[in-house]
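So the structure is just underneath, and the comments pick up after that.
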Amino acid sequence: MKPVYIEMSAFGSYGGVETVDFSRKQEGLFLITGDTGAGKTTVFDAMMYALYGKTSGGERSGAMMRSHYAGKETKTYVRFVFSLQGEEYQITRNPEYQIEKTLKNGKVKQQKVAQGVELFLPDGTVFPGKKQETEERIREIIGLTGEQFSQMAMIAQGDFLKLLYAKTDERKKIFSHLFGTGIYVKIQEEFRQHAANIEKKLEENNQAFHQEFARTIAPCGYQAREDSGEYRSKLSILEDYLSFGKKKEKEIAAARTECQNEHQKIMDVIIRAKETEKLFDAWKKALSEQETLLGRQGEIGEMEKRLKRGEMAEKVRHSEENVRNVRKALEQKEKNAETLRAKDEILSQSMELSQNAVRWLFCRRQIYTLNLLSGELLICTEHRQQEEEKKAAWQKLVEESLAKREDYEKKYSVFLREQAGILAKGLSQGEPCPVCGSREHPRLANLSGEAVSQQEVEKARKIRDSAEEQREQAGQEYRLREQKARDIWQQFFIHVKEFFGEAFSEEESRDRILKEQEVLEKEAGEWEKSLRHAADWKGFLRDVKNGAKTCHGQEGISYFDKKTEEARERIQKMQGEISTNRGNLEAVESEENRLRRELEGQDTLFQRMRKEAGFESETQYRENLAEEKDREQWEEEIRSYQNQVNLKEGEVKGLLSQLRGKQQQDMEELQRQEKELSQRLKDMEEQHMGYHAANETNRKIQKNLISLEEESKALKRDAAVAESLSKTAGGRLTQSVKMDLETYVQRRYLKQIIAQANKRFIKMTDRQFMLSMKEDSAGKGKNEGLDLMVYAIPTGTLRDIRTLSGGESFLAALSLALGLSDIVMRQSGGIRLDMMFIDEGFGSLDEESRKKAIEVLRELSVGNRLIGIISHVTELKEQLDYKLCVTRNEKGSSVCWEIS
Ligand SMILES: Nc1ncnc2c1ncn2[C@@H]1O[C@H](COP(=O)(O)OP(=O)(O)OP(=O)(O)O)[C@@H](O)[C@H]1O
Ligand SMILES: [Mg+2]
């Protein structure tokens, strides 16, 4: 890591914004110089503050750094740019401070600025974490904590002695972080914990052993012996318990068998005595029960009589049952007959209605035919009228044609005469007449003086012809109409004859049709009335009427014929039903008569049987009727009673024969003896159980104790190894070096550091001194082993580091810092410390020493290392080319590079 650029604003002695560009000087030695209090250390502080939020010496806090020279509105911050492995990072940090702000209205407001830090990553982005995370990230980038950094890279003014004089425990902490020696502490702890665990297990084993032994049971009667408390002693006592216990268990088992036999014997006697006792009891009980049974004899006798009467009544009841069945069948038949009669009535009514329907249909058919005839009559009349009209027209035309003929003939004759007169006028006697050739003309025609032209004659002829033609036409039409009327009338009269059965004149026909229509309408009305009350016929009437409406001419007659046929078919069907029903009725009525006769016979039989069974009246007979289940119950009761009586008798006899020769015993005495033996047996049982249980328990405990003893032996072996390991690692071995593993490892590092440091120290002191580890105190305690000594080469003596002079101490500290820096970089590939700033210390050196030190540092700085020396020693200014000059005036400090 190397500084590239620093910007300080209102920081320490720097009142305004001051920048230092280190890019001009990236390797070698340079001097930061200036008067006392000029602001040199502040530059150094600014870098430390930017990186870690604290100043180089650690004495000045961030909050103190707000410059007193700062304008009231100037911001306080440090911006630090550094490079690391070819990449640049930038940190901007500010402490908490008060600032004055002038508002728009001119008023001045005090404002608190909160402390803050920002890390710009090489790609220019700001690290996104909060303050603590950002600081953690910076620490990760540098690879060192602030403390470590100040040990190696920024040796603060007055701090170098701390490096040298640090105690083992302080150095231990630093080394633990730097070299990660914490792992050895963990190993130590692991060993210690392992040993403690085994120790704990041993303790538990011991506790378990004694607790288990405490559960042992000393067999009753055993004489206690001496116990040293050792595992072996306890196990030997337990063996004694077991052999004594087993012996006692055997003895008691034998005595118990003997007692059991005796007890068995007395138990046999008791059982037999109890059996005799039971026999006596049973005999007495049977006698008493026999007596009770005999006491019920009267009651059972009554029951027998009742049963007998019941059985007689039962026989009669069968006959009565027959009477009842026949009556029931008769009633059923009567009911059937009734139903059939009712059905017959319904069918008959329906039949009548059907016939009425046929009659109605006939009327309707006739009316329809008469309507047709009326229609025909109307047509005939119309035809006659037309015929007469035609005739009148023709006659009129006949007269007109005669008139037209007359007119023509008249005109023609006039014309002819006029022509003769004209001819005669030109004729002379003897000249042939152009008409007749006669040469004589006796009577010559005279001119009439009426002028009729030939055109007029021709016109009259045409009119005549046309009139005659019209007349002929009308005459033909009239004849045709007349023929037609005649045919129609003829047809009508045929139909009238067909209907009425005789021929009538026109007038009479009209009259008869009207009258007949009237009569038929009335009759049809009557039939319709009777049918309208029956629902199914009502619909029929309506359907027929509607159907008829759609018919024309003869079609209607066929329609009525068809409907009549349908109704007739229904009548036929109904007739079949009526005759079937009547047949059934006849059969039922004959069965009815037969059943009536049978009923009479059965009733007579029943009365006779009742009397024969001894029942005076029907009431008496009924009183003795009994349910079958009752009779069965009585029968069962009587039978059971008899059985019981017989059995009891047999039982009493049997018990008497068993009791022959037997006597009752003193049961109380026998039971007392048995109780005594039982108690003895129980006691022995308990004793035996006691020894047995103790032996069993002791046997189990013995097994457990043996296994605990074995476990204890194994644990003791493990404990010895673990303890020795733990003591060795923790530096606690008796009669050995008292050094823990971590200190041992750290000493190895310190040795390497000292070796590196001595390379410079020997040179700087002109082969006067070298650093060494304090060996005599090493291994004598926890906080020993990392202390330093100095070896004076000329005298070959070792002395305390504190005996070095101020200048010598500075050189030693400088060497040590360089050594440390070398070893850290060697150990950890990630950490690059290419810079070192040393704040003062050179003042305590004489010229020679200073030269030597500078020489060493210059050597060190060759090869990409930047070393900054802060000093106001004047001679140094001449020795070093690059100088960062710090000056201060009443407005604060300022810096500038000076290169000579
Ligand atoms: N907050 C502050 N505002 C103003 N001046 C300050 C502030 N803090 C410290 N100073 C002063 O700044 C000056 C510079 O201190 P610095 O420690 O940098 O001096 P130096 O150049 O290292 O001196 P020396 O050679 O004695 O070590 C001192 O006079 C100190 O009293
Ligand atoms: Mg200073």
side-chain hydrogen bond (donor to acceptor under 3.5 Å, both in side chains) partners for Lys883, two or more places apart: Ser900
Worked check of side chain to side chain donor-acceptor pair (under 3.5 Å) between Thr102 and Glu73: CA-CA 9 Å; Thr102 315; Glu73 295 186 4; 2.7 Å; yes
Summary of ring pair (Phe, Tyr, Trp, His ring centres under 6.0 Å) pairs that have at least one residue in residues 112-135, sequence neighbours excluded: none
The single option from Phe22, Tyr89, Tyr5 passing ring-ring contact (aromatic ring centres under 6.0 Å, His included) against Phe82: Tyr89
Any side-chain donor near an acceptor of the partner, Thr803 and Arg799, under 3.5 Å: yes
Residue among Phe80, Phe44, Tyr49, Tyr69 satisfying ring-ring contact (aromatic ring centres under 6.0 Å, His included) with Phe11: Tyr49
SB check Glu135 Lys131 (cutoff 4.0 Å): yes
Ion pair Lys727/Glu723, N-O distance below 4.0 Å: yes
Salt bridge Arg139-Glu136, side-chain N to carboxylate O under 4.0 Å: yes
Counterpart residues, side-chain hydrogen bond (donor to acceptor under 3.5 Å, both in side chains), relative to Arg717 (two or more places apart): none
Check: Glu100/Gln110 side-chain N/O donor and acceptor closer than 3.5 Å: yes
Residue pairs, two or more places apart or on separate chains, that pass ring pair (Phe, Tyr, Trp, His ring centres under 6.0 Å) and touch residues 856-900: Phe30-Trp897
Thr743 versus Lys172, side-chain donor and acceptor atoms under 3.5 Å: yes
Donor + acceptor pair across side chains of Ser849, Asp846 (<3.5 Å): yes
Partner set under salt bridge (Lys or Arg N to Asp or Glu O under 4.0 Å) for Glu96, not counting sequence neighbours: Lys112
Non-hydrogen atoms of Gly146 and Met48 that approach each other most closely: O-CE, 3.9 Å
Worked check of side chain to side chain donor-acceptor pair (under 3.5 Å) between Ser726 and Arg192: CA-CA 5 Å; Ser726 167; Arg192 199 195 60 71; over 6 Å; no
Salt bridge Asp766-Lys852, side-chain N to carboxylate O under 4.0 Å: yes
Proximity of Phe149 and Tyr52 rings by center, below 6.0 Å: yes
Residues Arg93, Asp45: salt bridge by 4.0 Å N-O rule: no
Intermediate values then yes/no, side chain to side chain donor-acceptor pair (under 3.5 Å), Asp839 and Thr41: CA-CA 7 Å; Asp839 192 356; Thr41 300; 2.8 Å; yes
Asn205/Glu711 under side chain to side chain donor-acceptor pair (under 3.5 Å): CA gap, chis, key distance, verdict: CA-CA 8 Å; Asn205 174 284; Glu711 189 191 74; 2.7 Å; yes
Residues Glu859, Lys763: salt bridge by 4.0 Å N-O rule: yes
salt_bridge(Arg137, Glu140) N-O dist < 4.0 Å: yes
Partner residues of Asp718 under the salt bridge (Lys or Arg N to Asp or Glu O under 4.0 Å) criterion, sequence neighbours left out: none
Ring centers of Phe810, Phe842 separated by less than 6.0 Å: yes
